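Here is the structure we will look at.
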Amino acid sequence: GASEVAATGSDLITVGYSQVGAESDWRTANTESFKSTFVEANGYKLIFDDAQQKQENQIKAIRNFIQQDVDYIVVAPVVETGWDTVLTEAKAAGIPVILSDRMMKLSDDSLYLAWVGGNFLKEGQDGVSWLNDYVKKAGRENEDLNIILLQGTIGSSAQVGRTQGITEGLAKNPRYKLLAKQTGEFTQAKGQEVMESMLKAYSDIDVVFAENDNMAFGAIDAIKAVGKVPGKDIIIISFDAVHEAFNKMIAGELNCAVECNPLHGPRVAEIIQILEAGGKVEKIMYVDEGVFDTSNAKEVLPTRKY
Amino acid sequence: MDDSVILTMKQINMTFPGVKALNNVDFSLKRGEIHALMGENGAGKSTLIKVLTGVHTMDSGEIYLQGQDTMVINHSPKEAQENGISTVYQEVNLCPNISVAENVFVGRQPLTRFRAVKWKEMNARAKKILQSVGLQDLDVTKPLGDYSVAIQQMVAIARAVDIQCKVLILDEPTSSLDEHEVEKLFSVMRKLKEKGVGIIFVTHFLEQVYEVCDCITVLRNGDLVGRYAISELPRVKLVAKMLGHDFNDLASLRNLDAKKLNNEESVILKAVGLGHAGTIHPFDLTISKGEVIGLTGLLGSGRSELARALYAADHPDKGALHFKGIHLKAKDPIDSMKAGMGFLPEDRKEESIISDLSVRENMVIALQAKTGIFKLLPLAKQNELALQFIKALNIKTPSPETLVKQLSGGNQQKVILGRWLITNPDFLILDEPTRGIDVGTKTEIQKLIIKLAQSGMTIMFISSEIDEMLRTVNRLCVLRDGLKAGELVNDNLDRHQVMAAIAGDQ
Amino acid sequence: MQKQLISSPLVVSLKAATKKQLFLPIFALCLMLLINVLITPSFFKISIQNGVLYGYTIDIINRGSELIILAVGMTLVVASSGGADISVGAVSALAGAVCVRLLGASYDSYATPMLLAILAALVAGLACGSFNGFLVAKLKIQPMVATLILFTAGRGIAQLISAREINGNMVPGQILYVRMESFRRIGGFFPNVVIPTPVFIAVLFVLITYFVLTKTAIGLYIKTVGINRKAGRLVGINSVLVMFFCYTFCGVSSGLAGVIASSRIYSSDANNIGLYMELDAILSVALGGNSLGGGKFSLIGSVIGALTIQALSTSLYAVGVTADQIPVYKAIVVILIVAIQSEEFKRWWSLIRLHRQAKKAVAV
Amino acid sequence: MKATTYFKNKMSGNNFLLFVTISMFLLMYIGGILVYSSQGFGTMQTFLNMLIDNAGLIIAASGMTVVLITGGIDISIGSVVGLVCMMLAHSMENLGMSASLSIALVLLFGIAFGTLQGWLVAYLKLQPFIVTLAGMFFCRGLTAVISVEQIAITSNTTFLAMAHKNIKILFGATVNKRGIKLYPFVHPSVIIALVALVCVWYVCRYTKFGRSLFAVGGNEQSALLMGINVRKTKMLAYVLNGFLASLAGFVFCLNTTSGFVEQARGFEMEAIASAVIGGTLLSGGVGTVIGTFFGVLIKATIETYIRCNGTLSSWWNKIVLSALLCFFIVLQSVFATLKEKRK
Ligand SMILES: Nc1ncnc2c1ncn2[C@@H]1O[C@H](COP(=O)(O)OP(=O)(O)OP(=O)(O)O)[C@@H](O)[C@H]1O
Ligand SMILES: Nc1ncnc2c1ncn2[C@@H]1O[C@H](COP(=O)(O)OP(=O)(O)OP(=O)(O)O)[C@@H](O)[C@H]1O
Ligand SMILES: [Mg+2]
Ligand SMILES: [Mg+2]
């Protein structure tokens, strides 16, 4: 249906963006990226809606976008499921839907036009391959490594994808022993609390995977509290690579941060431009993501946008 | 057993923590009999009633109702109602948030075939029932809470009277009613009596007992003293039975040093054009030191409102008040208290009792508030004060630490009285202080009032009982429809003159 | 009866009364700990590691500090107004944000002196508390509804405060970090002190509150206002002021809890500091044997309630129950504890005992 | 003259608050039309969307109102809604149950859970806040026990048909930018919600049980002495509320066709806020479901304002939402005090 789009009335393209919330730095960076991309100067009018982490609010927002008769609906879904009803309504109104960040599980794939986001599974795998390289470099290949995994909020796609990537990657190497995995709910305080109890339960931990930076920060404190040196005695790998993670890497407390790029706005704008020009777009589009560690943190930090 | 006996209670025992409230009490009631249940405050009258209606569970005892061979134990007031016992409890027990009509009918609303409440019929019937007890043109659709205690009391009576029953229990229904309403109530009671209903009637007004009752059961300290026909127990004897000792009659009491007070220099309080929109019209009032001034009037005539305006319980919006020679601009009760006033409000349950606190705390709270938040009265001092007044007022309580809600109604009232005496005010307003208080204590309180006045305290005394007022006050202030209608000096007044003044047809 | 009253010394009866109210909460806590020992034998083991005390029990008291502080504030609110302050969690986040934002992110100095920043956080809590107090006491809005406003707005304001400069503009909604070590001492340890600082703060806070309540008449006023506002007014108590005080006090305690919580993570996490803490604080009050309907209260009871809850969470973690499922167990334990404490249960229990005795008597 | 006195009577007491609520809603709605007409505020569908989006809330808030009238509170309903969604998703997707069976099952669960909570509150005399707080924990935890992953309902066609059904209203159609003619529509959930609302209203107004609720809420002791079975009344209030919560869950699930752990978090607060805006007192004894219905609409209007504005970040969103809430509550309180003064 993209070809149906008729340029009527004002020449601004209205885009309704339903954002999850502002639960993390990553999320605010993502919001910023949309807000700075879809400005009038670029020919857009952005209708932004914040769902406060509630799916029902996003459903309400999409209905509202249809009423406001926007040209495009962009959704960063809170959860993957439960979108059929409202997206059917959007389809009936002829409004194209683009997904950002998380994927939706839909009964009918024609309900959305394209998806833009990071690849959580790949991030997990990247984390493990960094560990492989690191171990090789450090010459600890023949050592058994005891590993702890601090998971994100169970059920979130970041958690599901990263956990899968990490556990599958670890399983390939018999020297890696995954001692335990426990959720730290993506927060620093919980991450610290869980790490404390892990340190009590297991005396010999070599590696900690934290599925986001904040939990890694908590883990670092817990490790310091028992008198060990994070980054040396225990290798710490985290995900997202927010600003503070670079500071920690520079300080040597965090070994590696796998990027999860929040700057989806330009990517979505690209898609819309193609559609406006009457072109076809790919359904799935990943954003570029890198892996940073103590070796390059210092150079990269000044270039970071979030 | 006598065929006409409809209710028998045998060997009833009931214990509260620390108190044996009923001790092997027997009671029986006949068809068409009005049976007075008498006793001092805390004698166990209300408890006996509550045991009968299933509010309290008795420790042991037997209850029989006519027409039922087996023993009846009511587990709840609902069950009691179903067994033909209808009750007006001592404190008004209605719901202020629902309409008057609903209060009359709740739990037994007229229903359509589809079990829907018939509102129109309910309102109409409620109106009729209320008329039968003397409440003309009351808006039955208004929430009950909009009305005064007296009216609420009448509604409670109307409800109980309307319930089809064999036994009607009235626990101090007349304490907040005036003579006119009491008359109405009596005529309703007599009608029911003719229909064969047995009525248990609790009151502290002896005249009322002799006016309507056939028979008296006396309790003392949870024990049964005896059951007497009205004819065999004259007043003096009844009082003696209640108190357990002889009793010097009330009539001997009289506040005699009335006249010498009205000289200008000893004026303690002077209200000029004081008024509160919606309740009391602007009024002038001058009170001298050491005087006992009574307020009288019909129900709702504004006695309480006048008192409240003086005390700034309702912040007056007109006029000025001079107290002890200074212009008192009280915004809140605390200002009046600090200036030396005290106020015992009319509605004990709503405005006085702090139910979950102990007797001690209830007694010292006013003094504490007056002393100030940072000067906590030492515990020893609190205790001393509490004990002193428990003794002085003869309050029946297991200990000063007992929760005040566990006391009998009359004793609660004494606690509140004690609360104000402890603050030692210059001017004390007592709004119905003797409500629900037994004869013995009532005299004590009246004596106390006179004594306090003699020692220099000025007292404003409000009571629905004219006799009581005549005995204690120097001067009577008559109110009518929220207006101060006149003053009577209590030289040699009698009740007829007062009644005439109240009614406004001199 | 008169005799009985004079012979029973007041002090004894007073003690008996408080004992009675506290007996069950203490019992519940002990039971909680006992179960813990059975599951984790090393539960009571306390060692000194890295120069500080180390062990499960220390964790409970340490982690429970914020909850204790909040429970104390909540107790007064509940007692005076018969309603709960559901904004305490959000207010903690707000106060934490104020503190962290003022301290700044520099590595070698604070943007604002630390004491001043903490004071500012407490003032922020105080302001929020008095806002709630104004709504509840003066405008007579029902507590839960009045505090719902800050419950919703608090985290929003906290996010707004947590702004950081990114590419030249201030962007709110960030997690700010304090880099100076000394700030961490509030939520951690002072050098050469083996006991966690939060424990000190909590104990001090409880003591000061207790002192204020027992050395002034405010405790009596609070009870009076909570039981019968009208009566309170007529005996000269300014119920508006008393309730206002309680809410303000609760605001300050939220602020304090927020400072500790943000010091623990040396950052301002507007979304997560104090999350669901209001529920735990209310639970603490109830587990301490206090009525949520207002009136009488026991401060110590609430503290014990808070410890019970923290012990419960810690031990569930220790057993390895996943975070999502913890609520199930928490619910069951809470219901059991409050059920055992209830009057009705005591009545049933005594009835059953009487019944048994009667049966025995018959058998004999 | 007669009319004015009649009006005065109607305005007295608690009707007054209801009157304020309804007029406030009308004012706000008209204001919205004036300010946001270009954002489609005035269309019929916008209004219907308020109903569609809040169908579950209407039901749950009605149940909440019933409980609040008795002087109780139920903060477990959000979790019950979440659990019901999860149960529906799990039973239909993973266990392959039929739609009708699973729906019957969850409604039964709602009743059973309401009974349990009611029993604890009414017979064991535990504090409602604590009981339902535990209930909230319990249901949320149980949802996680069933599954920590999201479950989407994709295979049960009956259920999906019900969820996707658009009931078209044949007038007031609009044509959008793309030239598509859109008829206003509602989902079956709205019908369910309105029917439930009317039923609860009828129960409260016209049945003995309903009237007893008010008596119990006004003064429990008095109600007992007047011969009302207080415990049974309270318990039934929770049973009714439990049923309505599960019905709300079902309606909620029609909207989202999935179950997951975080669903409907904070729903109870919305229900309480709606009831209170609608004039229900948390202290008990006062309230109507009609008021609650308008409370929901007011909340929906405020939310629609924010959506139509379309620029607010998360934090401003929260702040503006609560500022409006605050404004409304304070205004209500001012009206109430003014009225109190006049009396
Ligand atoms: N709920 C209760 N808990 C504990 N003790 C109580 C309770 N109710 C009454 N009592 C005690 O039982 C005794 C009898 O009280 P009751 O109310 O029956 O007196 P009464 O004869 O009705 O007095 P009054 O004329 O003052 O109403 C009193 O000593 C009182 O303290
Ligand atoms: N018959 C009535 N109908 C309607 N309202 C009434 C009636 N009687 C009294 N009221 C209201 O009740 C209020 C309370 O009256 P108030 O308490 O001042 O009377 P009072 O003279 O103190 O009598 P008492 O103390 O014996 O009740 C009055 O302001 C009046 O508005
Ligand atoms: Mg009595
Ligand atoms: Mg009066």
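All values reported here derive from a predicted model rather than from experimental measurement.
Judged purely by atom type and a 3.5 angstrom limit, B/Gln81 uses its side chain to pair as donor or acceptor with the backbone of D/Met226. At distances below 3.5 Å, at least one donor-acceptor pair connects side-chain atoms of B/Asn97 with backbone N or O atoms of D/Gly285. Counting only distance, with no hydrogens or angles, the side chain of B/Trp119 and the backbone of D/Tyr206 share no donor-acceptor pair below 3.5 Å.
Only the side chain of B/Leu111 comes within less than 4.5 Å of a heavy atom in chain D; its backbone stays farther off. Neither the backbone nor the side chain of D/Phe209 comes within contact range of chain B; no heavy atoms are under 4.5 Å apart. For chain D, the nearby part of B/Ile98 is the side chain; its heavy atoms alone come within less than 4.5 Å. Heavy-atom distances place the backbone of B/Arg108, and not its side chain, under 4.5 Å from chain D.
For the set B/Arg159, B/Gln109, B/Arg115, the count of heavy-atom pairs under 4.5 angstrom toward chain D peaks at B/Arg159.
Taking the side chain to side chain donor-acceptor pair (under 3.5 Å) definition, one finds that B/Gln90 meets it with B/Ser46, B/Glu172, sequence neighbours left out.
B/Pro96 and D/Asn219 get closest at one heavy-atom pair: CD-CB, 4.4 Å. The two atoms that bring B/Cys95 and D/Ser222 nearest to each other are SG-CB, 4.2 Å, heavy atoms only.
In the displayed structure, B/Asp317 atom CG is contacted under 6.0 Å by more than 12 heavy atoms of other residues, nucleotides or ligands. Taking a 6.0 Å sphere around OH of D/Tyr202, one finds it holds more than 12 heavy atoms contributed by other residues, nucleotides or ligands. By the neighbour-count criterion of 12 heavy atoms within 6.0 Å, atom NZ of D/Lys232 is sparsely surrounded, having that number or fewer from other residues, nucleotides or ligands.
When side chains are defined from C-beta on, D/Leu225 does not count as touching B/Thr87, because their heavy atoms never get closer than 4.5 Å. Side-chain contact between D/Leu224 and B/Pro77 is present, with heavy atoms from C-beta onward closer than 4.5 Å.
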Q. Do D/Gln221 and B/Asn93 pass the side-chain contact (heavy atoms from CB on, under 4.5 Å) test, and can you show the C-alpha distance, the side-chain angles, and the key distance before you say yes or no?
A. CA-CA 7 Å; D/Gln221 181 66 18; B/Asn93 276 295; 4.3 Å; yes
Q: Report the C-alpha separation of D/Ile228 and B/Val106 in whole Å, then their side-chain angles, then the decisive distance to 0.1 Å, and conclude whether the side-chain contact (heavy atoms from CB on, under 4.5 Å) test is met.
A: CA-CA 8 Å; D/Ile228 289 172; B/Val106 78; 3.7 Å; yes
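Among pairs with a residue in residues 206-231 of chain D, those fulfilling salt bridge (Lys or Arg N to Asp or Glu O under 4.0 Å) read B/Glu102-D/Arg211, C/Glu344-D/Arg231, D/Glu220-D/Lys234, at least two apart in sequence or across chains.
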